[in-house]
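These notes concern the structure reproduced below.
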Protein chains: 2
Amino acid sequence: MTETVQVRRSETASAKASCMPAEKSRPDKHHAITQAASEMFLAEGFERASLDQIAHRAGVSKQTIYSHFADKEALFKAICVELTEKLTIPLRQPRQKDGADLRNLLIRLGDDALAMMLHPASLDLHRLVLNAAARFPELGRAAYEAGAARMIDDVATLLSQRSQSGEELPRVLGEAEARVMAEQFIGMLRGFHQIRGLLGVDAIPVAERRDYVRSCVELLLRGG
Amino acid sequence: MTETVQVRRSETASAKASCMPAEKSRPDKHHAITQAASEMFLAEGFERASLDQIAHRAGVSKQTIYSHFADKEALFKAICVELTEKLTIPLRQPRQKDGADLRNLLIRLGDDALAMMLHPASLDLHRLVLNAAARFPELGRAAYEAGAARMIDDVATLLSQRSQSGEELPRVLGEAEARVMAEQFIGMLRGFHQIRGLLGVDAIPVAERRDYVRSCVELLLRGG
DNA sequence: TGAACAAGACTGGACGGTCTAGTTTTAATA
DNA sequence: TATTAAAACTAGACCGTCCAGTCTTGTTCA
């Protein structure tokens, strides 16, 4: 009796250590758990989401959760990593640059970036990670790398390249200059739109948002 | 016995309704409570801060807290309002505009605004309100009005005035244009500095930050 | 004297995590 | 294909802890 229990324990521990689907579990259970946990954590936050609720919503017993994850904290971290990865997929896909001039590239990029930042799931994750970062610093850093840092890198690379080869920008940019300008561009793009979403203030209409993006691009191209 | 308790109850309710210092309480108690509650909420968040801890830190009994505030939620909201008010005092003080040109005004304003946004207490409150906004929408809206909206208004007014009367900006700005440009300016000013603070990523050195602010002002003046 | 207070016991309930007992799935073997 | 044993699972009881909010019993102060 107790022996079989001990065996289970050790397997449980190893499965959790890797934070991966347990090797011998029924495959759909893991997904059901992470799905339900995502919904609950996003909607309620870490403290208010209870494992009983998550288990019930996943159609799974609490014990099964504990056979996949060491504890609530491990489940939470796994969810954060998974969601961060999922919601930043657009940032890791190479952008189409075929023949477009810098202005139109920046407009497309700006429209996409802003839409991503204002997506409800993105706002919820933002809230979640911001809150968790105080207690789990590695989550904060990981989210920064996957989100903000990635965007800065991409825009900086684009600006740097385009400034080298011609007349699309007033001057040739060094590495550091390009990064500063990228931060300025994404910063002004974001403006207070994301904050408004997070604070429950009404968003501006989409048409107005498009105008705003274009206005940012013009400001950058004139001022850069 | 029970009667005196009933009397206390009704007084408690009225004192809390106004969210002001109870009329008949010893004056320093209220401040001790809000002080301790501020510290605990900022450090731990709403759920993890317990009333026992707050009472202990305030050197006050739990009952005293409940004679000043209806419940934990009311205490929390009062703290949020009070902190929001306190931390946005700089935004409500008229700025010195004596004889300075727009460039230097914007630099001063930018330095101050960024320093304010990156202040540890400000970051903690930001986290707190962002998290609370999902459950208490009025807190979110109030914070937006006191913070972001206020800054946009101020900068927009400044830009609009200066654009009317001369050559400091390339063109005369309408009301709406000035607001857009103000949002762009503060947005690029903030960049990802605040996010880095919130996520626990190392901040850039102060000297570099000053350069960044100046660079933002130049970009705005050239591009506006 | 009476109102505000301190100290802390107490209640009721939620929750994280464990444990038990019985059921289903899997996969190897006869 | 039928058998079977281990592993994964379910349902829910259970434990210990924590906590919001109440109540009691005194104490302090105006």
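Atom CD1 in A/Ile65 sits roughly 11 Å away from atom P in C/dG17 (whole-Å rounding). Here the P atom of nucleotide D/dA8 and the NE2 atom of A/His68 are 9 Å apart, to the nearest Å. D/dT28 atom P lies 17 Å from atom CG of B/Asp28, rounded to whole Å. Summarising the geometry, the separation between NZ on A/Lys72 and P on C/dC15 is reported as 8 Å, rounded to the nearest angstrom. The distance from atom CD1 of A/Ile33 to atom P of D/dA8 is 13 Å, rounded to the nearest whole Å. Spacing between atom NE2 of A/His30 and atom P of D/dA8 amounts to 13 Å, rounded to whole angstrom units. Nucleotide D/dG21 holds its P atom 10 Å from the CG atom of B/Leu75, rounded to whole Å. Between A/Phe69 atom CZ and C/dG17 atom P the separation is 13 Å, expressed in whole Å.
To the nearest 0.5 Å, the span separating CD1 on B/Ile79 from CD1 on B/Ile54 amounts to 7.5 Å. Atoms CG and CG, on B/Asn131 and A/Asn131 in that order, are 3.5 Å from each other to the nearest 0.5 Å. A distance of 4.5 Å separates OG1 of B/Thr84 from CG of B/Leu125, quoted to the nearest 0.5 Å.
Using modelled atom types, no side-chain atom of A/Glu208 and backbone atom of A/Pro205 make a donor-acceptor pair closer than 3.5 Å.
Listed by residue number, B/Gly59 are the residues of residues 43-59 of chain B with a heavy-atom contact under 4.0 Å to DNA chain C.
Checking A/Ser67 against A/Thr64 by side-chain atom types alone, no donor-acceptor pair falls below 3.5 Å.
The shortest heavy-atom contact between A/Gln184 and B/Leu219 is OE1-CD2, 3.5 Å.
Here B/Lys29 reaches the OP1 or OP2 of C/dA6: one of its side-chain N or O atoms lies under 4.0 Å away. Contact check, B/Ser67 against C/dA4: no side-chain N or O comes under 4.0 Å of OP1 or OP2.
B/Lys62 contributes a side-chain N or O that forms a donor-acceptor pair with the base of D/dG21 under 3.5 Å.
In this structure, of C/dG16, C/dA7, C/dC5, it is C/dG16 that holds the atom nearest to the side chain of A/Tyr66.
Remark: B/Phe76 pairs with B/Phe41, B/Phe46 by the ring-ring contact (aromatic ring centres under 6.0 Å, His included) rule, at least two apart or across chains.
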